[in-house]
Amino acid sequence: MRIGVIGTGYVGLVTAVCLAELDHHVIGTDVVREKIDLALAGRPHIYEPGLEELLKKNLKEGRLTFYHDLDKTIKDSDVLFVCVSTPQRPDGRADMTYVEGVSRRIAENLNTYKLIVEKSTVPVRTSAWIKRVINLYRRNAEPFDVASNPEFLREGSAVEDFLHPDRIIIGVESAKAERILRQIYARFADKILVTNIDTAELIKHASNSFLAMKISFINLISELCEKTEADVELVARGMGLDPRIGPQFLRAGLGYGGSCFPKDVRALIHIGEEMGVDFGLLKEVDKINTRRIEIFINKIKQALWILREKKIALLGLSFKPHTDDIRNAPSIAVIRELQKEGAFLRLYDPQAMNNMKEVFPEKEPELVYCQSPYQALEGANAGLIITEWPEFQAMDLTRIKDIMSNPILIDGRNIFDPDEVRKQGIEYYSMGRK
Ligand code: UGA
């Protein structure tokens, strides 16, 4: 069995590499030539722990290859994983143009039976559309099946998540499709849940929206903590001790970013609208999340009053630690707001600076990229923690106190113990606690 992976972005590249690691023969393809050239050279175009080693290993052992040619990838494969992006349109809906385009190409190249598996996060009923498109554009009567196998990997631990899944959701409408997918995931037989296709598609959207809701919920509680003597970290810990609630995804802070939660929450609101189901609940989740930036900026103003020409260090630019991904990162919104106020920004991130330079090119003295957190903090009027990279938690607070012009830290991720920081003579603000 040969597996083709169409689209080698975050999900696609990890899927291709990990399916090869599961001993399958895999071909990856992408419209962006450079991604394929890099992959063939054993260099992932993204930073993801463990990915490069497995990419090199599987290329060398001959189970994995990459084609520039989509038609040939389709023709040479028995199973096709569709991993193309479904970006957000200006109105919040998911843009399905790439999925439709790939479906047409599959139809045109249907040379033998194929199982088409959608892995991208898609609105419920997408498989039904893929099937219709293939039937409309096909040139012969070769049989095919569609299936949904949503991906649950998290950036920063994607390889680990793929190779140690909590669950494998398989949405199918034929016994043959189920048999093939069970074979592909044979190593995780006890983790497989088989459903119909609509259910599988919805499990993915419902899971991401639920997690986003958990984050917004604790962030709303954090707003209340700031008006009282309560401490959101302890509220979360106390809530999380109830196994029905659980401790995960209750970290208050700058809110959720990334390529999934913001987009998926909005997409589900629209899916609901189209189907006549009111997702007002998720509209609030989105609103609370957007408000986090405003609350954070107000803390900076509370500390510095006027921000014009103040030197502000931003530590952490990626949307979360252990990735170089800056899509929908809270840092972008924070930078835009501070630029409006005329502040002079000093940016540092262990992995994401190259990506950020494409959005915000360096311009002295308004926006400068630094080589270390200390360089960013040197002479600064305030330091902001935007992403909770472990490197920041390990910083030397005495040194920080000495090098800053005004030793003020505004911690958007609650990485420090307030007493510890204040003991060093640093003025300290955090989220949802005194
Ligand atoms: C998320 C899901 O966790 C994955 O299961 C899913 O496969 C993926 O989306 C996807 O749809 O592709 P990811 O976006 O990589 O994964 O990152 P998460 O670890 O879920 O974090 C999302 C955002 O929530 C980050 O900005 C993070 O900082 C924020 N967050 C997370 C909080 O603000 N508080 C928390 O307690 C947890």
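Counting starts at 1 for both ligands and their atoms, following the listed order.
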Between the side chains of Asp161 and Arg154, is the shortest nitrogen-to-carboxylate-oxygen separation below 4.0 Å, so that they form an ion pair?
yes
Quick one: do Asp231 and Lys434 make a salt bridge, cutoff under 4.0 Å?
no
State whether Glu294 and Arg291 are salt-bridged, where the test is any N-O pair (Lys NZ or Arg NE/NH1/NH2 against Asp/Glu carboxylate O) under 4.0 Å.
no
For ligand 1, output the ligand-protein N/O contacts shorter than 3.5 angstrom; if there are none, return none.
unit_1	atom_1	unit_2	atom_2	d
ligand 1	5 (O)	Phe152	O	2.8
ligand 1	7 (O)	Glu151	O	3.3
ligand 1	7 (O)	Phe152	O	3.1
ligand 1	7 (O)	Leu153	N	3.2
ligand 1	7 (O)	Leu153	O	2.8
ligand 1	7 (O)	Lys204	NZ	3.2
ligand 1	11 (O)	Lys204	NZ	2.7
ligand 1	11 (O)	Asn208	ND2	2.7
ligand 1	15 (O)	Glu155	N	2.7
ligand 1	15 (O)	Lys320	NZ	3.3
ligand 1	17 (O)	Lys320	NZ	3.0
ligand 1	19 (O)	Lys320	NZ	2.9
ligand 1	26 (O)	Gly257	N	2.9
ligand 1	26 (O)	Phe319	O	3.2
ligand 1	34 (N)	Arg251	O	3.0
ligand 1	36 (O)	Leu250	N	3.3
ligand 1	36 (O)	Arg251	N	2.8

Which distance, rounded to the nearest 0.5 Å, do you find between the CD1 of Ile386 and the CG of Leu254?
5.5 Å
Quick test of your reading of the model: are Glu223 and Lys227 salt-bridged, counting only N-O distances below 4.0 Å?
no
Salt-bridge present (Arg327, Glu155; N to O < 4.0 Å):
yes
